[in-house]
Protein chains: 2
Amino acid sequence: MANQGELNLNEGNKSYASRFTDGKLALPPSQKYAVLTCMDARIDPSAALGIPLGAAHVIRNAGGSARDAFRSLIISQQLLGTTELLLIKHTDCGMLTFDNAAARDIVRKNKGDTAAKEVENLDFLPFPNIEQAVLDDVRWLQDRAVEQGVRVTGWIYHVETGEAKRVI
Amino acid sequence: MANQGELNLNEGNKSYASRFTDGKLALPPSQKYAVLTCMDARIDPSAALGIPLGAAHVIRNAGGSARDAFRSLIISQQLLGTTELLLIKHTDCGMLTFDNAAARDIVRKNKGDTAAKEVENLDFLPFPNIEQAVLDDVRWLQDRAVEQGVRVTGWIYHVETGEAKRVI
């Protein structure tokens, strides 16, 4: 169904709002941390990572990329006071399954030349190895002056078992 | 505590993994939609928006920006088959509270000149009005050829009541 998301929202939100009692939480994260992970449909960060409502920023993008999340990380850390970051990639990630050339070809085949032109300079930020990608992202952050003072740890979430294991 | 996030994860994930039974979900979202919303700590998308595990991509960044999420959206739609997008901003958003100049000043004061230089060309993508920002983002997407065929709706989540209300 083309509007299944809206149907889920309408039903789920009605029930959620009817029992909602957390309307006075503060804007800045109460436990001063942020989680960066993938948009993958199989990850429910609040439940899987034990995040209380109001406690932490949750940033999600394709692959859980630190570069792609840089703007959000700076806002989280410098403007809203988080001092800890959990960077979490996961097994069976879609980013392992294509490279930039393949992604651009798919867009051209699906949507035509005008659409392909809109993504011709886009770096899809794919990676061939999860553990290495975690290490690379953590190091990329630690190399930045603006990230000094932030405690960054790197993790892999296992979609097969529900377990998160620390890498660095 | 500087590692409260890690402590939460260790405790919460142990409990989650011990009762986890969804290890065989497919990589592509089973209900073919994506949700784009803010990283704000007061939003728990799975619970508040009724998203079943495995059903939808969840993309989150500072402000729920469509431009910032463009790479993830293309991957979600063109490579992983989602055809519906719920774009959801929220009341009391941090993005209403600063502009680019103020954000850069804060980074310089907090972290010094080297850090300030790292963000001097960064557009923090703040906005002065939530409803207008939803409309602008939906239109920005609808103006792109690569987004044709995707059903995009725009929403405001109310952090005071837990309600999501459709804007467009």
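Values below: all heavy atoms of this structure, side chains included; hydrogens, waters and symmetry mates excluded. Labels below follow one simple rule: chain letters A, B, ... track the order of the sequence lines, proteins then strands, and each chain is numbered from 1.
When the shell of 6.0 Å around CD of A/Glu11 is examined, it contains 12 or fewer heavy atoms from other residues, nucleotides or ligands.
Only the side chain of A/Leu86 comes within contact range of chain B, with at least one heavy atom under 4.5 Å from a heavy atom of that chain. For chain B, the nearby part of A/Ala56 is the backbone; its heavy atoms alone come within less than 4.5 Å. In this structure, chain A has a heavy atom under 4.5 Å from the backbone of B/Ala26, while its side chain stays farther away. For A/Asp123, the part lying under 4.5 angstrom from a heavy atom of chain B is the backbone only. The part of A/Asp22 that comes within reach of chain B is its backbone (N, CA, C, O), which places non-hydrogen atoms under 4.5 angstrom from that chain. Heavy atoms of A/Leu122 lying under 4.5 Å from chain B belong exclusively to its side chain. The parts of A/Arg71 that come within reach of chain B are both its backbone and its side chain, each placing non-hydrogen atoms under 4.5 angstrom from that chain. Heavy atoms of A/Ile88 lying under 4.5 Å from chain B belong exclusively to its side chain. Residue contact with chain A, scored on non-hydrogen atoms closer than 4.5 Å, involves the side chain of B/Arg151 exclusively. Proximity to chain B (any heavy atom under 4.5 Å) is shown, for A/Ser76, by both the backbone and the side chain.
Side chain of B/Asn13 to main chain of A/Gly162: a donor-acceptor pair is present (N/O by atom type, distance under 3.5 Å, no hydrogens or angles). At least one donor-acceptor pair closer than 3.5 Å links the side chain of B/Asn100 to the backbone N or O of B/Phe124. In this structure, A/Gln4 contributes its side chain and B/Tyr33 its backbone to no donor-acceptor pair below 3.5 Å. Between the side chain of B/Asn110 and the main chain of A/Gln78, a donor-acceptor pair closer than 3.5 Å is present. Here the side chain of A/Glu84 pairs a donor or acceptor atom with the backbone of B/Gly5 at under 3.5 angstrom.
Between B/Tyr16 and A/Tyr157, the two ring planes are tilted [angle within 30° to 60°].
When each of A/Asn10, A/Asn61, A/Thr153, A/Leu27 is scored by its heavy-atom pairs under 4.5 Å with chain B, the top score falls to A/Leu27. With chain B as partner, the option from A/Leu80, A/Ile75, A/Thr82 having the largest number of non-hydrogen pairs under 4.5 angstrom is A/Ile75. Of all the listed residues (B/Lys24, B/Arg166, B/Glu6), the one sharing the greatest number of non-hydrogen pairs under 4.5 Å with chain A is B/Glu6. Contact count against chain A (heavy-atom pairs under 4.5 Å) is highest for B/Ser72 among B/Ala116, B/Gly12, B/Ser65, B/Ser72. Note on A/Ala41, A/Gly50, A/Ala115: by heavy-atom pairs under 4.5 Å with chain B, the leading option is A/Ala41. Between chain B and the residues A/Leu36, A/Val35, A/Leu25, A/Asp44, the largest count of heavy-atom pairs under 4.5 Å involves A/Asp44. Ranked by non-hydrogen atom pairs under 4.5 Å with chain A, the options B/Asp68, B/Leu73, B/Ile74 are led by B/Asp68. For chain B, the option among A/Val58, A/Ile59, A/Val159 with the highest count of heavy-atom pairs below 4.5 Å is A/Val58. Among the candidates A/Ile106, A/Leu125, A/Ile51, A/Thr21, the residue making the largest number of heavy-atom pairs closer than 4.5 Å to chain B is A/Leu125. Between chain A and the options B/Gln77, B/His57, B/Gln148, the largest number of non-hydrogen pairs under 4.5 Å is found for B/His57. The residue among B/Pro29, B/Ser46, B/Ala48 with the most heavy atom pairs within less than 4.5 Å of chain A is B/Ala48.
A side-chain contact (heavy atoms from CB on, under 4.5 Å) with A/Arg108 is found for exactly one of A/Asp113, A/Val119, A/Thr114, namely A/Asp113.
Between A/Ala164 and B/Leu9, the shortest heavy-atom contact is CB-CD2, 3.9 Å. Between B/Ala145 and A/Lys111 the shortest heavy-atom distance is O-CE, 3.9 Å. Closest of all the heavy-atom pairs between B/Gly63 and B/Phe127 is O-CE2, 3.9 Å. Closest heavy-atom contact between A/Arg104 and A/Asn121: NH2-C, 4.4 Å.
Between B/Glu160 and B/Thr91, the side chains place a donor N or O and an acceptor N or O closer than 3.5 Å (distance only, hydrogens not considered).
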